Number of protein chains: 2
Amino acid sequence: MKEGETISIGGLKELLESKGVKPSYQRLRILEYIMKKNTHPSVDTIYKALYKKIPTLSKTTIYNTLSLFEKKRIVRSVTILDNELRYDFLKDPHAHFLCLECKEVYDIYLDSDLLYRDFIVGHRVNECHIHFRGICKNCLENAGRLEKIS
Amino acid sequence: MKEGETISIGGLKELLESKGVKPSYQRLRILEYIMKKNTHPSVDTIYKALYKKIPTLSKTTIYNTLSLFEKKRIVRSVTILDNELRYDFLKDPHAHFLCLECKEVYDIYLDSDLLYRDFIVGHRVNECHIHFRGICKNCLENAGRLEKIS
DNA sequence: TTCTCTGCAAACGCTTTGCACGGAT
DNA sequence: ATCCGTGCAAAGCGTTTGCAGAGAA
């Protein structure tokens, strides 16, 4: 998928099939959620969101589906928080920003050659993960507002 | 601690005191282990290593000690593997390399300005974490040897 | 029928919490 | 006596596994 390209919800079925994944109802809904939300959801977040529409949904299915997606290179797991897995729809290489205040994870598009290196000091590189931590724009602004009020 | 500077084991007590941490026997031993080993150990690794010398040692103490050290900015937790915490003695900013084969974590010293940015697209940056994943030098060489043999 | 997907329940493993003992001041 | 470090035991919580029923081919 090239930059700027969008995938219509109707194309989800074709996307799964092109990756060799049978497009079951649950899988389509989980993929749809990950693609529409850019929030790098946890299993629990996905579960809570989809549970309303699919009351029989099980977390096991979400775990199964996401590890299948990961194996088929449709999503990738983001290791930012140490206590839970977060998932990211596979777009162009990018970094992440974790807000320590609101726990939101933002995509950060960098122009760094680090993201594209094949070797580093003799080790063969398959993946490059970059993430920043701090206070996000929104929380900074909110903090500013609170100061003015008090 | 500046680059190139080394800390003698005898100086551990002073290091803890300078950070406002009472230098108990367990704390000294845990700090010593983290500083001597550059292997980014998990709690279990530390426990197994120190258990021989301190049979009464409890994992709770290691958890307590490490979170205290982290609060006092003596170590920092490395979020690379999602199923366990790894700890890193706080040196100059550096990146990590995780070998997917042997699970070893290597320090990588980079000359990237990413490590020193204060802001990124409006978010205030406190920390920058960079890690690569792949197959390390050693495992690559071993794989080569195996090929020759077979 | 056969194979795969789904999902309940239990197991698992790392981490945290509650609490009491004991040493230091 | 008080404070704080230590460590056992239990709880907590995200994830994985075992297995059986449902559904597709």
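Reckoned from all heavy atoms, side chains included, excluding hydrogens, waters and symmetry mates. Worth saying up front: this structure is predicted, and the values here are computed from it rather than measured. A note on names: the letters A, B, ... follow the listed sequences, proteins ahead of strands, and every chain is numbered from 1.
Between the CG atom of A/Leu50 and the P atom of C/dG7 there is a distance of 11 Å, given to the nearest Å. One atom, CG of B/Leu68, and another, C1' of D/dG5, lie 10 Å apart when rounded to the nearest Å. Across the protein-nucleic acid pair, B/Ile54 atom CD1 and D/dG5 atom C1' stand 13 Å apart, rounded to whole Å. Atom pair A/Glu70:CD and D/dT15:P shows a separation of 12 Å (rounding to whole Å applied). The separation between B/Asn64 atom CG and C/dT15 atom P is 13 Å, rounded to whole Å. B/Leu28 has its CG atom 13 Å from the C1' atom of D/dG5, to the nearest Å. Going from atom NZ of B/Lys59 over to atom C1' of D/dG7 covers 13 Å, rounded to whole Å. Nucleotide C/dC14 holds its P atom 15 Å from the CG atom of B/Leu66, rounded to whole Å.
Residue-environment remark: CD (B/Glu84) exceeds the threshold of 12 foreign heavy atoms within 6.0 Å.
Between B/Lys22 and B/Thr61, the residue anchored nearer the 5' end of DNA chain D, judged by the nucleotide with its closest heavy atom, is B/Lys22.
Residue A/Tyr63 places its side chain closer to D/dG14 than to any other of D/dG14, C/dT4, D/dT6. For A/Val43, taking side-chain heavy atoms from C-beta onward, the closest of the listed nucleotides D/dT15, D/dG5, C/dG7 is D/dT15. The nucleotide whose nearest atom lies closest to any side-chain atom of B/Ser24 is, among D/dT6, C/dG7, C/dT4, D/dT6. Distance from the side chain of A/Gln26 is smallest for C/dG7 among the nucleotides D/dG7, D/dT6, C/dG7.
Residue B/Thr60 places a side-chain atom within donor-acceptor reach of the base of D/dC8, judged by atom type and a 3.5 Å distance cut-off alone.
Contacts of residues 71-88 of chain A with DNA chain C (heavy atom under 4.0 Å): none.
Residues B/His96 and B/Asp88 meet the side-chain proximity criterion, which asks for heavy atoms closer than 4.5 Å.
Side-chain atoms of A/Arg27 come within 3.5 Å of backbone N or O of A/Lys22 as a donor-acceptor pair. Side chain of B/Arg133 to main chain of B/Ile80: a donor-acceptor pair is present (N/O by atom type, distance under 3.5 Å, no hydrogens or angles).
Residue A/Thr56 is in sugar-phosphate contact alone, with no base atom involved, counting any heavy-atom pair closer than 4.0 Å across all strands shown.
Cluster membership for B/Tyr106 and B/Ile135, using ILVMFWY side-chain heavy atoms within less than 4.5 angstrom, is not shared. Hydrophobic clustering (ILVMFWY, side-chain heavy atoms < 4.5 Å, transitive): A/Val78 and A/Met35 are in distinct clusters.
How far CG of B/Asn138 is from CD of B/Glu104: 8.5 Å, rounded to the nearest 0.5 Å.
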